[in-house]
Amino acid sequence: MMSAILSLALLLGNTMNSIAVVIPIGNDAITNGLDLWPLKRDGVRALMHSTFDRMGGNEAADSSHYTHITSDNRAIVFSEMGQGVLYFCRFNHWHGSPWHFKVDGTIHTVNESNTANPNKTPPVSPSLIYPTNAFPSILAPTFATTQGADLSWVPMMFSRSLELSYSRTHYGTGYCILHMLQPEILTSRPLTPWSMDTMPINVSETLALSGSASVFPRENCSRFFDTMAIFEQTQSTIELFSVGSEEGPEAIRIINFSLPASNAKEFGTYWIRIYFDEQENASVAGPMAMMFGAGELQEPTSASGNTSKDEGDVYLVKAYPAYIKFTGSSSQGSRMCELIMYYPMPFSSKVRIVITRANAVDKLQFMYAIGIAPVESNLAKNFAYFHATYQDTPTPTPGRDVLMLDTKGVEGQTSWSGHLVGTVITFSYNGVLNTLEGDPRFHLDDSRSPQIQGTGTEEWGGGGDYFQGGQRSTLPLAGHPNGKKSGHSVDTLYRFLLSDLIPFGYRAQVAIEHGGQDQSLEHYTSLVFWYGVPNASLVLTDSITFNDTESLLHHNYTVPSETSTKYTVDSRFELGVDHLNGNTSSAEVYPSQNISGIVHSSVSSFTVNVAPQNKGIMLRRTLDLAYADQNATVAIRSSATNSCWRLLKAPWFTGGSNTVVFSDPSTETGEPMTSVKLETSNRRFRDVEYLIPSSATKNCTKVDVMITYQKVTQDIFPGQPFPKQDGWTEFGWEVWSIVY
């Protein structure tokens, strides 16, 4: 249940006509994360930083690509300026450690049990991440538990800046998910910079409840329905459940099915559909097994450290928001399969659940229970509807990512705002594991650059090295529950996004590569969990195109001619490979584009339209990555009043360039500089974003924006300057008004 501190913050956020949204951050995003999963997160932008191959391929399995190497031999994975929270990090085993988290200028060095002697055979296992008071094992599991990765869900808040670097670069694969916060939004706690003295005790206790009824106890429900359902021999559909709300919005908090284990595999193929508030289309629609995190409802015949003998409790999925457990005794004829989900599903007036099956041959009976609870006051006017969207891709298109979700068109609606909270992905029906080289790539709100760009499929699922050859794993928020090695017909992973959920304001496109270069022809199926409402909280209210002189004149665009140069670049955004399998005579997968822009080293200014009732704006700029470490201050004023310029606190900084350092020494302890290669990608375009507070644009319909270049001097490695560094580039502007 919600903490007293957060409940008080929500109460203080109340106004006479509405309830102000208070964003849970830091530890609150986990301890209260499930209760507040439906809460819209307008003013929050998610980013993934990773070591991916900048050429769009899969060099060294997307490892060891760094923005630069510092004079003290640290390899920089990413640098950010502004305020936010780092919610998740994933490393391959202990590679890269000691890891350095530079929070608001203070470096915190983090080690793993194998850091001191990384060549030890066999390695220390199970290992720990130190200091353990800051990285308890349930929040920071290591490779023996995860099957190949060291992970951290420890929330790290920062108010000015964040940087991650590695001491060692051998096989330095990694990705991180962080939230950038709009200045002045209401948060559940002060944005106090993280330190290693922070002890996330309550957070550990929360995730330790995984696989138990204590995640949301039955007594917390105001209504509970518990009965039996029967599919008769020729029956294909059951109207399982239909109920109206009693007093204001309510939410389904528990859905529980129980049936003989012998019928579980068939039951897993049945579909569950859930309709909210008289909607014609089901918001939730997908196979029963995937709805609970698995690809197949079959007890594992073998698993890493856990062999099923059809006796006792065996978890197929032991996640925090859902679990699948086999229990009882086969020898005594009492072996059962129990499925429980705790996804909050709010509704205003009515909810209806329908179960269907394709093979209406045998009679099948099962028990079910559904718990309903009142919606917390802060959610009453700010909740989004739960969705589960299924996609079947029998034969992926070479060169194109497998699209798992495009919210545009869902339920006949063009615009959706909400957030992504999970995926279940079956990536092979044949035990083919090299599909796992494929990276997740998510585009949010029509950005041409993916804000989420990872390093591999099993990395997304919390593992490494193909889940160490296909071994099973099941963690509170990620896992590989099904696989050929454990007697299943499919390989499936799940990934729940609790604190590290991914907000969007207009549209979300969720995709994944099939294989390292989108070349695998394996059969994919997927289910994407998300919350959404069919209206935009980000509205495109203006744009500037440098190819069009009229556009520049219309927006009063100015920049001193003596400190600026207009030029045209023929290049690409950071997507997949140019040609399949490196065959340059074949058709281009992602053709280059010709875009004009400006580089300057002084000041540019322009006037743009914003929505009259805006709650702040998001500036999106297309830049030329050939120029490294682009940095500027941002100032705003009302165009109508010509008021004084307001200088915003955070600089706008984009670390690195399209030239990166590839450093992968042959040994674990090899110094980063012993194996250095500079790689320049032909992907020079990137869309980047900057959040502006509501107070700077309140009651405005037009604002003036002033960008002042700030020089950064940084070698790409000691003694070697970046190819280009002195400049701020603008190849297009978009203005998105926040309108929740």
(message) I'd like to know if the side chain of Asn482 pairs up with that of Asp491 as donor and acceptor (distance under 3.5 Å, no hydrogens or angles considered).
(response) no

(message) Is it the case that the side chain of Ser167 and the backbone of Pro98 share a donor-acceptor pair, with hydrogens and angles ignored and the cut-off at 3.5 Å?
(response) yes

(request) Give a yes or no on whether the backbone of Asp439 and the side-chain of Glu513 come within a donor-acceptor separation of less than 3.5 Å. (result) yes

(request) Please report the closest heavy-atom contact between Gln83 and Leu191, naming both atoms and the distance. (result) CB-CD2, 3.4 Å

(request) List in chain and number order the residues that pass ring pair (Phe, Tyr, Trp, His ring centres under 6.0 Å) with Phe504, two or more places apart in sequence or in another chain; answer none if no residue qualifies. (result) none

(message) Between Asp664 and Arg168 (salt bridge meaning N to carboxylate O under 4.0 Å), is one present in this structure?
(response) no

(request) Would you mind reporting whether Arg41 and Ile185 have side-chain heavy atoms less than 4.5 Å apart? (result) no

(message) Test ring-ring contact (aromatic ring centres under 6.0 Å, His included) on Tyr175 and Phe88; report intermediate values, then the result.
(response) CA-CA 8 Å; Tyr175 78 86; Phe88 178 77; 5.4 Å; yes

(request) Say whether, by atom type as modelled, one donor and one acceptor occur between the side chain of Ser64 and the main chain of Ala60 under 3.5 angstrom. (result) no

(message) Using modelled atom types and a 3.5 Å cut-off, is there a donor and acceptor pairing between side-chain atoms of Thr146 and backbone atoms of Ala149?
(response) yes

(request) Answer yes if the ring centres of Trp94 and Phe143 are under 6.0 angstrom apart, and no otherwise. (result) yes

(request) Check Ile324 against Ala294 and note the closest heavy-atom contact, atom names and distance. (result) CD1-CB, 3.7 Å

(request) Decide yes or no on side chain to side chain donor-acceptor pair (under 3.5 Å) for Ser127 and Ser113, but give the supporting numbers first. (result) CA-CA 5 Å; Ser127 58; Ser113 299; 4.9 Å; no

(request) Kindly give the heavy-atom pair with the smallest separation between Gly211 and Tyr315, and that separation in Å. (result) O-OH, 2.6 Å

(request) I would like to know whether Gln451 and Glu689 meet side chain to side chain donor-acceptor pair (under 3.5 Å); could you show each step before the answer? (result) CA-CA 10 Å; Gln451 290 96 332; Glu689 298 168 353; 3.0 Å; yes

(request) For Lys325 and Leu316, run side chain to side chain contact (heavy atoms under 4.5 Å, CB included): C-alpha distance rounded to whole Å, both residues' side-chain angles, the deciding distance at 0.1 Å, then the answer. (result) CA-CA 6 Å; Lys325 182 171 68 172; Leu316 180 62; over 6 Å; no

(request) Could you tell me which non-hydrogen atom of Ser204 sits nearest to which non-hydrogen atom of Pro136, and how far apart they are? (result) OG-CG, 3.0 Å

(message) Would the distance check show the side chain of Asp62 and the main-chain N or O of Asp53 forming a donor-acceptor pair, the cut-off being under 3.5 Å?
(response) yes

(request) Hey, could you give me the CG/CE distance between Asp42 and Met618, rounded to the nearest 0.5 Å? (result) 11.5 Å

(message) With rounding to the nearest 0.5 angstrom, report the CG to CD1 distance, Leu477 to Ile30.
(response) 7.5 Å

(message) Can you confirm whether the side chains of Thr426 and Thr492 place a donor and an acceptor under 3.5 Å from each other?
(response) yes

(request) List in chain and number order the residues that pass side-chain hydrogen bond (donor to acceptor under 3.5 Å, both in side chains) with Trp153, two or more places apart in sequence or in another chain; answer none if no residue qualifies. (result) none

(request) Quick one: which residue pairs count as a ring-ring contact (aromatic ring centres under 6.0 Å, His included) with a foot in residues 109-134, not counting sequence neighbours? (result) none

(request) Could you pull out all residues at least two apart from Arg54 that satisfy salt bridge (Lys or Arg N to Asp or Glu O under 4.0 Å)? (result) none

(message) Hydrogens and angles aside, do Glu163 and His100 bring a side-chain donor and acceptor to less than 3.5 Å of each other?
(response) no

(request) State whether a side-chain donor-acceptor pair under 3.5 Å links Tyr323 with Thr474. (result) no

(request) Could you pull out all residues at least two apart from Phe158 that satisfy ring pair (Phe, Tyr, Trp, His ring centres under 6.0 Å)? (result) none

(message) I want to know whether Trp194 and His108 have ring centres closer than 6.0 Å.
(response) yes

(request) Check the angle between the aromatic planes of Tyr343 and Phe496 and answer parallel, tilted or perpendicular using the 30° and 60° thresholds. (result) tilted

(request) Can you see which heavy atom on Ala46 is nearest to which on His179, and at what distance? (result) CB-CD2, 3.9 Å

(message) Side chains of His93 and Gln468 only: does a donor on one sit below 3.5 Å from an acceptor on the other?
(response) yes

(request) Could you tell me the separation between the OG1 atom of Thr423 and the CG atom of Leu527, rounded to the nearest 0.5 Å? (result) 9.0 Å

(message) In this structure, is the centre-to-centre distance between the rings of Phe216 and Tyr342 below 6.0 Å?
(response) no

(request) Sequence neighbours left out, what passes side-chain hydrogen bond (donor to acceptor under 3.5 Å, both in side chains) with Tyr320? Give chain and number order. (result) none

Which donor-acceptor pairs under 3.5 Å do side chains of residues 665-672 form with protein atoms, sequence neighbours excluded?
unit_1, atom_1, unit_2, atom_2, d
Thr667, OG1, Gly670, N, 3.2
Glu668, OE1, His95, ND1, 3.2
Glu668, OE2, His95, ND1, 3.2
Glu671, OE1, Asn73, ND2, 2.5

(message) Tell me every residue that passes side chain to side chain contact (heavy atoms under 4.5 Å, CB included) with Asn434, counting only those two or more places apart in sequence or in another chain.
(response) Val432, Tyr466

(request) Can you measure from OG1 (Thr70) to CD (Gln714) and round to the nearest 0.5 angstrom? (result) 7.5 Å

(message) Run the ring pair (Phe, Tyr, Trp, His ring centres under 6.0 Å) test against Phe653 and tell me which residues pass, sequence neighbours left out.
(response) none

(message) Using a strict threshold of under 4.0 Å (side-chain N to carboxylate O), is an ion pair present between Asp28 and Arg189?
(response) yes

(message) Please tell me whether Phe427 and Trp460 form a close aromatic pair, meaning their ring centres lie under 6.0 Å apart.
(response) no

(message) Between His419 (side chain only) and Pro503 (backbone N and O only), is there a donor and an acceptor less than 3.5 Å apart?
(response) no

(request) To the nearest 0.5 angstrom, please state how far the SG atom of Cys89 sits from the CG atom of Leu151. (result) 9.5 Å

(message) Please enumerate all residues that pass ring pair (Phe, Tyr, Trp, His ring centres under 6.0 Å) together with Phe101, with sequence neighbours excluded.
(response) none

(request) Taking only Lys NZ, Arg NE, NH1 and NH2, and the carboxylate oxygens of Asp or Glu, determine whether Asp500 and Arg495 approach each other closer than 4.0 Å. (result) yes

(request) Go through Glu59 and His65 one step at a time and tell me if the side chain to side chain donor-acceptor pair (under 3.5 Å) criterion holds. (result) CA-CA 9 Å; Glu59 181 185 37; His65 300 91; 2.7 Å; yes

(request) State which residues pass salt bridge (Lys or Arg N to Asp or Glu O under 4.0 Å) with Glu574; sequence neighbours excluded, sorted by chain then number. (result) Arg686

(message) I'd like to know if the side chain of Ser161 reaches the main chain of Met81, judged simply by a donor and an acceptor atom lying under 3.5 Å from each other, with no hydrogens or angles considered.
(response) no

(message) Just checking Lys120: does its NZ atom have more than 12 heavy atoms from other residues, nucleotides or ligands closer to it than 6.0 angstrom?
(response) yes

(message) Check Arg160 with Glu80, please: is the shortest side-chain N to carboxylate O separation under 4.0 Å?
(response) no

(message) If the condition is side-chain hydrogen bond (donor to acceptor under 3.5 Å, both in side chains), which residues does His68 pass it with, not counting sequence neighbours?
(response) none

(message) Please tell me whether Asn202 and Thr31 have a donor and an acceptor in their side chains that are separated by less than 3.5 angstrom.
(response) no

(request) Evaluate the side-chain proximity of Val22 to Thr187: yes if any heavy-atom separation is below 4.5 Å, no if none is. (result) no

